[in-house]
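All chains are named by letter (A, B, ...) in the order of the sequence lines, taking the proteins before the strands, and each is independently numbered beginning at 1.
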There are 2 protein chains.
Amino acid sequence: MKAVKIPEATITRLSMYSRLLEWLDRRGVITVSSSDIAEGVGVSPAQVRKDLAYFGEFGTRGVGYNVKDLLHYTMKILGLTHPWPMALAGAGNLGTALCTHHGFRDRGFSIVGVFDNDLTKIGKRIGDIMVHPLEDMPEAIHSLGIKIGIIAVPPRGAQEVADIMLKNNIAAILNFAPIALNIPDNVLVRNVDLSVKLEVLTFNLKYRGSVAGEPD
Amino acid sequence: MKAVKIPEATITRLSMYSRLLEWLDRRGVITVSSSDIAEGVGVSPAQVRKDLAYFGEFGTRGVGYNVKDLLHYTMKILGLTHPWPMALAGAGNLGTALCTHHGFRDRGFSIVGVFDNDLTKIGKRIGDIMVHPLEDMPEAIHSLGIKIGIIAVPPRGAQEVADIMLKNNIAAILNFAPIALNIPDNVLVRNVDLSVKLEVLTFNLKYRGSVAGEPD
DNA sequence: GTATGTGAAACCGTTCACAGCA
DNA sequence: TGCTGTGAACGGTTTCACATAC
């Protein structure tokens, strides 16, 4: 935690390193080198070392990194030492998929409230939680200490949902609606836009013939 | 189409401009300025102009851009003048969500084959298409001229699915499995990793207090 | 010998500021 | 006058290469 600006890309990669380390740890691997990690997530070894160097010195020269230790550090850096309850707006197919998404629970994220204003969905059960009307979201946010909201409603309703979240002091939003939300600067937003991802592919298919590389 | 390298971020934004233009066009808007576009997608006007400049001169000085024309150009640049049939592997919740995802069809993408090797899913109907066994995928890829594959299976099965796609000359893969796929350089891959997105949020919540900005 | 940690260099993308044109 | 198009400046990220430490 220096007074240095840390590139977002570094955080993204750190998250990937962390998951790889979890995998290695489960397999009983004790030590990894920066090249091992690099190969595992598809970046350069120098990049791995630079990324880690933002946060401290975790390795041993001539040896590498202790898997368990580095895993622990990455989790701590990413703020994953405690669970993050989340509120989900939208109980459609996407919402259902997110609710049951294994990858979330594996990393300490859990959707503790699902909200929708479609009467045919309210009362339904997704996994082990029930869909509640949107108007119940504020109370849930406060009583369950929810800091992160997920928007998985159609574009039309997205800003409305965002506004409700904002009014109730949500700190961060993961938005799946393909529109630019109007969000104040003190609230974090990240968008997941599936069509954009596909269009990057079609562009490349069309103009570059075929070149690989994964910047994102 | 110059001999200039075009930043991936430019393509990402182009895709967003394109969708905004569609929206404006449907509303009967005739002309937009770079500032209008910039505001609509949350970037700077200079950025919009730079991005467009990679591909030509589409505007009129002192006036702006013709919405219909620019929409047409962006679609063409992105390779969206013809439909892109896609094969989906994985008929779980995520697969189902992707199948019924409106945003795809709106932009010319359509999933024309869904494959899974879970016997309880094969034969099921998602929307208007049926889930087929994974072994039927090769034939579908060839007979339907599929160039893009989507992987929405659990991490364990992802590489296997990828290998099948590769063996059948898929040109691009959109991967939702949170692992680094082993893919040759001549095949395009983009990963959608939901946990990573969330961990970027938790990192920022923890260390930056609250700062906005959407780099991705 | 081997692999980390790190300044310096190279590279890339964004912003600036203004020339060019309707 | 107003807004586009663009070379140049800027800032930030990645790569390089080597000193450092085990």
Residue pair B/Asp51 / B/Thr10, side-chain donor-acceptor N/O under 3.5 Å: yes
Side chain of A/Arg61 - closest among D/dT20, C/dA19, C/dT15: D/dT20
Nucleotide D/dC22, atom P - distance to CZ of A/Phe58 in whole Å: 17 Å
Phosphate contact (C/dG13 OP1 or OP2) by B/Gln47 side-chain N/O below 4.0 Å: no
DNA chain C: 5'-proximal contact among A/Gly59 and A/Gly62 (nearest heavy atom): A/Gly62
Shortest side-chain distance from A/Lys5, nucleotide among D/dG12, D/dC22, C/dC12: D/dG12
Protein-nucleotide distance (A/Tyr54, atom OH; C/dG7, atom P), rounded to Å: 12 Å
A/Arg49 (side chain) and C/dG5 (base): donor-acceptor pair under 3.5 Å: yes
Short side-chain N/O contact from B/Tyr65 to OP1 or OP2 of C/dA22, under 4.0 Å: no
5′-ward residue of the pair B/Val32/A/Val63 relative to DNA chain D: B/Val32
Nearest-Å distance for atom pair CD1/C1', residues A/Ile6 and D/dT14: 16 Å
D/dT4 OP1/OP2 closer than 4.0 Å to side-chain N/O of B/Ser34: yes
Residue B/Ala46, side-chain heavy atoms: nucleotide from C/dT14, C/dT4, C/dC16 that is nearest: C/dC16
Euclidean distance, atom CG of residue B/Asp51 to atom P of D/dG5 [Å, nearest integer]: 12 Å
Between C/dA3 (P) and A/Glu57 (CD): distance, integer Å: 18 Å
Sugar-phosphate, base or nothing in reach of B/Ser35, heavy atoms under 4.0 Å: nothing
is_close_aromatic(A/Phe58, A/Tyr73), centroid dist under 6.0 Å: yes
Pi-cation contact, A/Trp23 with A/Arg19 (under 6.0 Å, within 45°): no
Side-chain donor-acceptor contact under 3.5 Å, B/Asp36 with B/Ser33: yes
For atom CG of B/Leu52 and atom P of C/dG13, their distance in whole Å: 17 Å
Atom-pair distance (CD1 on A/Ile11; C1' on D/dT14), nearest Å: 16 Å
Residue-phosphate contact under 4.0 Å: A/Lys50 side-chain N/O, D/dT15 OP1/OP2: no
Charged N-O contact under 4.0 Å between A/Glu8 and A/Arg13: no
Length of the CZ-P vector between A/Arg13 and D/dT15, whole Å: 8 Å
N/O (side chain, A/Ser44) to phosphate O (OP1/OP2, D/dT15) under 4.0 Å: yes
